[in-house]
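Each chain gets a letter, A, B and so on, in the order the sequences are listed, and its residues count up from 1. Values in this document were obtained by computation on a predicted structure and should not be read as measured data.
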Amino acid sequence: MLRRTHTCGELRETNIGEEVTLNGWVNAYRDHGTGLVFADLRDRYGLTQLVFDKENADDALLEVADKLRNEDVVAAVGKVRTRVGGENPKLATGKVEVVVTRLELLSKAETPPFMPGAEKGDLPGENIRMQHRFIDLRRPRMQQILQTRHRVTKITRDFFDKHGFLEIETPILCKSTPEGARDFLVPSRLQPGEFYALPQSPQLFKQLLMVAGADRYLQIPRCFRDEDPRADRQAEFTQIDLEMSFVDRDAVLEIMESFVRELWSQMTGYEAPAMQRITYQEAMDRYGIDRPDTRYGLELVDISDLAAKTDFKVFADALAKRKGVVKVIRVPGGAEKLTRKLTDGYTEFVKQFGAGGCAVTKVTEGGFETGIARFIEPIAAELRERVGAEPGDTLLFGADGYSVCTKALGELRQKVAEDMGMVPEGLWNFLWVVDFPMFEYDEASGRFYAMHHPFTAPREDQIEAFLNADPGDRDAIEGIVSDGYDIVLNGSEIGGGSIRIHRRDVQQKVFNLLGMSDEEAEAKFSFLLRALRHGAPPHGGVAFGLDRLVMHLVGTDNIRDVIPFPKTHTGADLMAGAPSGVDDAQLKELHIASTWKPPAE
RNA sequence: GGGGCGGUAGCUCAAUUGGUUAGAGUACCGGACUGUCGAUCCGGUGGUUGCGGGUUCGAGUCCCGUCCGCCUCGCCA
């Protein structure tokens, strides 16, 4: 083949007069009939205009040129010259063109299902894009994303290398452990009836690496969690995974923060200020969510004490519940912008989260109007004072048990911000959330679950209280604060971690609280407990969601945009056709059989 | 498992709310054209309306089931 001398993004006026060879895809062709044909050649680096004309080409060449179609792969030899028809300011190579004297068709393309080079026109549906991912990835936007992702991992490796971290690999075939997400399982051929699990994260291995004296560990591992996807998560994803020995929380937060600032500085030029820290409790109280978006206000205000003075049954019922509260979101200017249709929708919206509904009223010069105005008349003055009400505001009320009310209003807050157009563009608001509870109680199963994971240490000042806590004392257990932390960007959790337990007695008590007997804990986590008996340093770490970081950096809310070969909502690879059935022979070799029976017609 | 939106030409969409032969842009094919860069102009090919039932004189449109894609609750850090 005719090997390229330059890429398609490279030629400038300084190359005029040179004979060059370009390789690439035909991005577009403009055929002016016998005698003049233009074709834009595309590769990862850009576009260059090729021109075929009578004066420089024989009939045979013109005939080939005439047959060029979109996405054909060609090699073109020719001389660089100033564009006769004037420059194209849209292209980096727009001042020059290559007058082709020789053309080699390297690969004829079928009519493509869609045009990756289309400047305008709607994108095809995601199913079409995923079926033909190799074409979708040709789009400049996708090429830019691939490059961004590369640069993020490169900066990550460079940064942590500079700080003494070792990149160490951990197994993909792991032991299935309880807790956390559903595992993907892999049957063992050599050990009939036994299964590996794919890692939900390298959590235990990185802790064992600390016990092993690695001191500082980094990996960019693939993780697998067999749960239903969302716009910003799928079952197979990538973390930037770290762990450090002989550190306390602040040591971890400091280095992670400087990493994130370095990353943003290099990727966007934005020099992030020192990041604020907020406790979990404060985040829940003020924002109703453990990953607050601080780009706008609309904070939740507790008015339970005032609500108790009204005769409104909804308030009274809520306050009678365990940890019952009444909270308000004040929406400045909402009276005008939040139509009846929208606020009616809010009632439906909050019902998703278990709330009964969403009470509404508007603030006027004299008092309140519409909705629950008459019920709150007795507390009008105090309420206005408490929430800072101005005429023209809308007040949205939530009343329920603390967790339901908080969750519902927290979600509503974000929806209202969007409806009001209050979410500013171009802001990067980073935030640490700290002091998470160790445990949360699940009413349905009547037991505690680890809020982060079962290896998260209690905050140092909590350890004694924790070890002494009565497992039957729900309030006491729920009150234990962990040494966990999340990093949040614009309301999106981009990373999280904790100081880990390095004391065997503490780890044992956590397992017990989660409903595991000593024997069960030994069966499931013997390797960890053994490690903790053989000299475990205090340690802690973080995992960042690489996909989410890239999503923010490239400005998309779709995780599939930043994953080169993503899966659909049902976990399918539409291009390759995975998952798929396998031969009975394969199953037999693995000592398994499928119990699945297709539903009858 | 629940809720919602969608599936019509290769692609993006339309089709009077049940009524003639399912249209448009683009792509593709043929023709014209020597300076385009979303080329232009003329002509043409292209449809199991996701699939299977049903209602009806008549279904892209209504009903039932099912498959696929997306959003979301549950789930998941």
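- Of the C1' atoms belonging to B/U45 and B/U17, the separation is 32 Å, rounded to the nearest Å.
- By the 4.0 Å N-to-carboxylate-O rule, A/Arg30 lies close enough to A/Asp40 to be salt-bridged with it.
- Between the CG atom of A/Asn127 and the C1' atom of B/G10 there is a distance of 13 Å, rounded to whole Å.
- Taking the ring centre of A/Tyr449 as origin, the terminal cationic atom of A/Arg447 falls inside the region bounded by 6.0 Å and 45° from the ring axis.
- Annotation: A/Phe38 is not in aromatic contact with A/Tyr29 [ring centroid separation under 6.0 Å not met].
- Between A/Arg230 and A/Asp232, no side-chain nitrogen of the basic residue sits less than 4.0 Å from a carboxylate oxygen of the acidic one, so the salt-bridge criterion is not met.
- With hydrogens and angles left out, the side chain of A/Arg81 and the base of B/G35 share a donor-acceptor pair within 3.5 Å.
- Taking A/Arg83 as the reference, A/Gln49 meet the side chain to side chain donor-acceptor pair (under 3.5 Å) condition, with sequence neighbours excluded.
- Here A/Phe38 packs flat against the base of B/U36; its ring centre is closer than 5.5 angstrom to the base's six-membered ring, tilted by less than 30 degrees.
- Summarising the geometry, the separation between CD on A/Glu97 and P on B/U36 is reported as 11 Å, rounded to the nearest angstrom.
- Going from the P atom of B/C11 to that of B/G47 covers 13 Å, rounded to whole Å.
- The CG-C1' distance, from A/Asp72 to B/C28, rounds to 13 Å in whole Å.
- Within 4.0 Å of A/Arg230, counting heavy atoms only, lies at least one base atom of the nucleic acid.
- Near RNA chain B, meaning a heavy atom under 4.0 Å from it, residues 51-68 of chain A has A/Asp53, A/Lys54 in order of number.
- Comparing B/C64 with B/U72, their C1' atoms are spaced 25 Å from each other, to the whole Å.
- Of the C1' atoms belonging to B/A77 and B/G4, the separation is 26 Å, rounded to the nearest Å.
- Checked for salt-bridge contact, A/Arg459 and A/Asp483 miss the test: no charged N lies under 4.0 Å from a carboxylate O.
- For the pair A/Lys415 and A/Phe349, the cation sits on the ring face: its NZ or CZ lies under 6.0 Å from the ring centre, inside 45° of the axis.
- Across the C1' atoms, B/U21 and B/G46 are found 16 Å apart, a figure rounded to whole Å.
- Note on A/Asp290: a base of the nucleic acid sits closer than 4.0 angstrom, heavy atoms only.
- Side-chain contact, A/Asp241 with A/Tyr217: a donor N or O sits under 3.5 Å from an acceptor N or O.
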Can you tabulate the close N/O pairs, meaning under 3.5 Å, that link protein atoms to atoms of nucleotides 2-8 of chain B?
none

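- You'll find that the side chain of A/Ala181 is closest to B/C76, out of B/U12, B/C76, B/U34.
- If you check the side chains of A/Gln207 and A/Gln203, you find a donor sitting under 3.5 Å from an acceptor.
- Under a 4.0 Å N-O distance rule, the pair A/Arg42/A/Glu71 qualifies as a salt bridge.
- Using modelled atom types, one finds a donor on one side chain and an acceptor on the other under 3.5 Å when comparing A/Thr556 with A/Asp561.
- Taking a cutoff of 4.0 Å between a charged side-chain nitrogen and a carboxylate oxygen, A/Asp136 and A/Arg133 qualify as a salt bridge.
- In this structure, A/Glu418 places its CD atom 13 Å from C1' of B/U72, rounding to the nearest Å.
- At a threshold of 4.0 Å, the pair A/Arg233-A/Glu227 does not count as salt-bridged, since none of the basic side-chain nitrogens sits closer than that to a carboxylate oxygen.
- A/Gln414 has its CD atom 12 Å from the P atom of B/U72, to the nearest Å.
- Comparing the C1' positions of B/C28 and B/G35 gives an interatomic distance of 25 Å, to the nearest angstrom.
- Only the P atoms considered, B/U8 is 38 Å distant from B/U36, to the nearest whole Å.
- A/Arg42 comes within 4.0 angstrom of no nucleic acid atom, judged by non-hydrogen atoms across all strands.
- Using a 4.0 Å cut-off between charged side-chain N and carboxylate O, A/Glu236 and A/Arg225 make no salt bridge.
- In this structure, CD of A/Glu110 is placed 12 Å from P of B/C29, rounded to the nearest angstrom.
- Listed nucleotides B/C70, B/G35, B/A77 differ in distance to A/Leu36; the shortest reach to its side chain belongs to B/G35.
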Donor-acceptor pairs are to be reported for all side-chain atoms of residues 55-68 of chain A against protein atoms at under 3.5 Å, with residues two or more places apart or in another chain.
from: A/Asn56; atom 1: ND2; to: A/Asp53; atom 2: OD1; distance (Å): 2.9
from: A/Asp58; atom 1: OD1; to: A/Ala60; atom 2: N; distance (Å): 3.3
from: A/Asp58; atom 1: OD1; to: A/Leu61; atom 2: N; distance (Å): 2.8

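- A/Leu47 comes within 4.0 angstrom of nothing in the nucleic acid, heavy atoms only.
- Residue-level contact check: A/Gly495 touches neither bases nor backbone, having no heavy atom under 4.0 Å from any strand.
- When the C1' atom is compared between B/G7 and B/U49, the two are found 9 Å apart, to the nearest whole Å.
- Within the structure, every side-chain polar atom (N or O) of A/Arg233 is placed at least 4.0 Å from both OP1 and OP2 of B/C75.
- Put simply, the side chain of A/Arg83 and the base of B/C37 share a donor and an acceptor less than 3.5 Å apart.
- With B/U72, B/U34, B/C76 as the choices, the nucleotide that has an atom nearest any side-chain atom of A/Glu227 turns out to be B/C76.
- Heavy atoms of other residues, nucleotides or ligands lying less than 6.0 angstrom from OH of A/Tyr402 number more than 12.
- The residue A/Thr570 sits close only to the backbone: its heavy atoms come under 4.0 Å of sugar-phosphate atoms, none of a base.
- Among the nucleotides B/C33, B/G69, B/U72, the one closest to any side-chain atom of A/Met130 is B/G69.
- Near RNA chain B, meaning a heavy atom under 4.0 Å away, the residues from residues 546-568 of chain A are A/Arg560, A/Thr568.
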Heteroatom pairs (N/O) under 3.5 angstrom, protein to nucleotides 24-26 of chain B:
none

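- Distances shorter than 4.0 Å separate none of the side-chain N or O atoms of A/Tyr29 from OP1 or OP2 on B/G38.
- In summary, A/Asp435 and A/Arg277 do not engage in a salt bridge, as defined by a charged side-chain N under 4.0 Å from a carboxylate O.
- Heavy atoms of A/Gly496 sit nowhere under 4.0 angstrom from any nucleic acid atom.
- In this structure, A/Leu91 reaches neither bases nor backbone, as no heavy-atom distance under 4.0 Å exists between it and the strands shown.
- Here B/U16 is in the anti range [glycosidic angle more than 90° from 0].
- Residue ring and nucleobase are not stacked for A/His452 and B/A77 under a centre distance beneath 5.5 angstrom and an angle between planes beneath 30°.
- The side chain of A/Glu126 lies closest to B/G69, out of B/C37, B/G69, B/A27.
- With rounding to whole Å, A/Lys351 atom NZ is found 15 Å from B/C73 atom C1'.
- Using a 4.0 Å heavy-atom cutoff across all strands shown, A/Arg69 reaches sugar-phosphate atoms only and no base atom.
- In this structure, B/C33 forms no base pair with any nucleotide, since neither Watson-Crick nor G-U wobble geometry is met with both distances under 3.5 Å.
- Comparing A/Gln239 and A/Asp232, the nucleotide of RNA chain B nearest to each residue sits closer to the 5' end for A/Asp232.
- Under a 4.0 Å N-O distance rule, the pair A/Lys351/A/Glu348 qualifies as a salt bridge.
- One interatomic measurement links the two molecules: CD of A/Glu87 to C1' of B/U36, which rounds to 15 Å at whole-angstrom precision.
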